[in-house]
Amino acid sequence: MIFNRVPRSHARNRRSLGTGQVHPRSLAPAPRGETSAAERADADRLERALANPSKVDLVTVAELRQRVSLLSARYDAERSTGLLAEAGQALGQTRLLREHAREYRVKRDLLAAEAEASTVMGQFVWDASQRRDHDTAKEHFTTATEAARRVGDPVLEAVALLRTSYVELYGTDDPAEGLVLTQRAAGVARGHSDVLTGLAELHSAEAHAMIGERVACERSLGRAQDHFGRISGDEPFVEMFSETQFDRLAGSCYLRLNDAARAQATLERVASQASSRSKSRSIVLANLSLAHIQQRELENAAAVLHAAIDCVEATWGGGGLKVIFGAARELRPWRKEPVVDQIYDRLFTMMVAS
């Protein structure tokens, strides 16, 4: 999820990955390579604010929020393990400045900045842990939800709720709880963002598919399509929408509903459009492999799964890894087949090398 809006006018000691606690010495901006005069001015401004946090101004807050936005934009193409330190630093800086800021407008914008940074931090933590550290991720998302409510920003709240729903749907495998969260996100976003409402309906559809409710699933898909068709020029989160999202989730829904032929046709359409090296593409390809497996098409399943592994080796996305290993488990009945054996050998080599 990308935070790229123009800014409007916790810390517990634990060892688990990505709590957002930052030692005071690490609060200064990270050293950069070749920078422009504007970037150096921004860094100097932030450094002065961190040295005297009660003097922080709106321009400095805008710089912090832009930094979080740029980090979020890098998520789909980079390893989250390489982004965690920067995200943790940004979150720590935001909290420090919010605790000491004096002006009401500055404190308000810093609260919104904390919602954004906490959401990004939770996203990175969960992905870097290969979607295993559910508790820390949800802790960050809860912080983001509460901060968004305090500042009265339903769009930021909806994003945090959506991210929490992903943990339940694709991490703890609790579609009932995931559905509660997607419906809550849709309710919060409705009237404020057709993109977010549509995304919430899409993931509601997948929750229904996980439960086996085809009619409810297709109704949610229809509502998502309606919202995407109404996206206007003043949509606050238009950058979160892509032309492939609907088919990507619809394909996953039909796969869960054991309609492999329909899932295959939909996912093949997405695979031809998605970026060649992205975390979302690895999930699409792994799901497409599952569609082939359901139809006993081993050669096609193995070929597509190799392509999914290529993506994961570049980005190490937790979602892609989980679906890839799920596909490998489905291939166990054919473990002695050469094409399947090659998949197992490659997965073993990949995990050893990691």
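Everything numeric in this text was worked out from a predicted model, so none of it was measured.
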- Task: Output the rest of the hydrophobic cluster of V188: all Ile, Leu, Val, Met, Phe, Trp and Tyr residues reachable through side-chain heavy-atom contacts under 4.5 Å, sorted by chain and number.
- Result: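 Direct or chained contacts put V188 with L161, L181.
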
- Kindly give the cluster partners of V215, where membership spreads through any ILVMFWY side chain lying under 4.5 Å from a current member.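 V215 clusters with nothing; isolated.
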
Any Lys/Arg nitrogen of [X] or [Y] sitting under 4.0 Å from an Asp/Glu carboxylate oxygen of the other?
X    : Y    : value
K322 : D173 : yes
K55  : E103 : no
D127 : R79  : no
D76  : K279 : no
K138 : E168 : yes

- Query: Which residues satisfy the side chain to side chain contact (heavy atoms under 4.5 Å, CB included) test with N300, sequence neighbours excluded?
  - Reply: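 With sequence neighbours excluded, N300 shows a side chain to side chain contact (heavy atoms under 4.5 Å, CB included) to H292, E297, given in chain and number order.
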
- Can you name the salt bridge (charged side-chain N to carboxylate O under 4.0 Å, His left out) partners of R98, sequence neighbours left out?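 Applying salt bridge (charged side-chain N to carboxylate O under 4.0 Å, His left out) to R98 gives E114.
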
- Can you find a pair of side-chain heavy atoms, one from L285 and one from L305, that are under 4.5 Å apart?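 The answer is no, as the side chains (C-beta and beyond) never meet within the 4.5 Å cut-off.
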
- Please examine the side chains of Q93 and R67, heavy atoms only from C-beta on, and report whether any two atoms are closer than 4.5 Å.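 Yes - at least one pair of side-chain heavy atoms lies under 4.5 Å apart.
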
Show me the donor-acceptor pairs within less than 3.5 Å that the side chains of residues 225-237 make with the rest of the protein, sequence neighbours left out.
residue : atom : partner : partner atom : Å
H227    : ND1  : D194    : OD1          : 2.9
H227    : ND1  : R230    : NH2          : 3.1
S232    : OG   : D234    : OD1          : 2.4
E235    : OE1  : D194    : N            : 3.0
E235    : OE1  : V195    : N            : 3.4
E235    : OE2  : S193    : OG           : 2.6
E235    : OE2  : F237    : N            : 3.0

- Message: Can you classify the ring geometry of Y170 versus H203 as parallel (below 30°), tilted (30 to 60°) or perpendicular (above 60°)?
- Response: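 Y170 vs H203 ring planes: perpendicular.
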
- Message: Is it the case that the side chain of R150 and the backbone of L111 share a donor-acceptor pair, with hydrogens and angles ignored and the cut-off at 3.5 Å?
- Response: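 Here the side-chain-to-backbone pair does not exist.
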
Using distance alone, with no hydrogens and no angle criterion, decide if [X] and [Y] have a side-chain donor and acceptor under 3.5 Å apart.
X    : Y    : answer
D247 : T244 : no
R346 : T349 : no
S118 : T143 : no
E206 : S252 : yes

- Report yes or no: is the cationic atom of R163 (NZ for Lys, CZ for Arg) under 6.0 Å from the centre of the six-membered ring of F141, at an angle within 45° of the ring normal?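 No; the conditions do not both hold, so R163 does not lie above the ring face of F141.
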
- Item | Atom pair CG (D57) and CZ (R48), whose distance is rounded to the nearest 0.5 Å |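 Those atoms lie 9.0 Å apart.
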
- Item | Residue pair L199, Q245: steps toward the side chain to side chain contact (heavy atoms under 4.5 Å, CB included) verdict | CA-CA 8 Å; L199 287 174; Q245 275 169 329; 3.6 Å; yes

Please list, one pair per line, the donor and acceptor atoms closer than 3.5 Å that link side chains of residues 330-342 to other protein atoms, with sequence neighbours excluded.
residue : atom : partner : partner atom : Å
R335    : NH1  : D341    : OD1          : 2.5

- In this structure, which one of Q264, R214, Q294 forms a side-chain hydrogen bond (donor to acceptor under 3.5 Å, both in side chains) with D259?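 Testing D259 for a side-chain hydrogen bond (donor to acceptor under 3.5 Å, both in side chains) against Q264, R214, Q294 leaves exactly one candidate, R214.
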
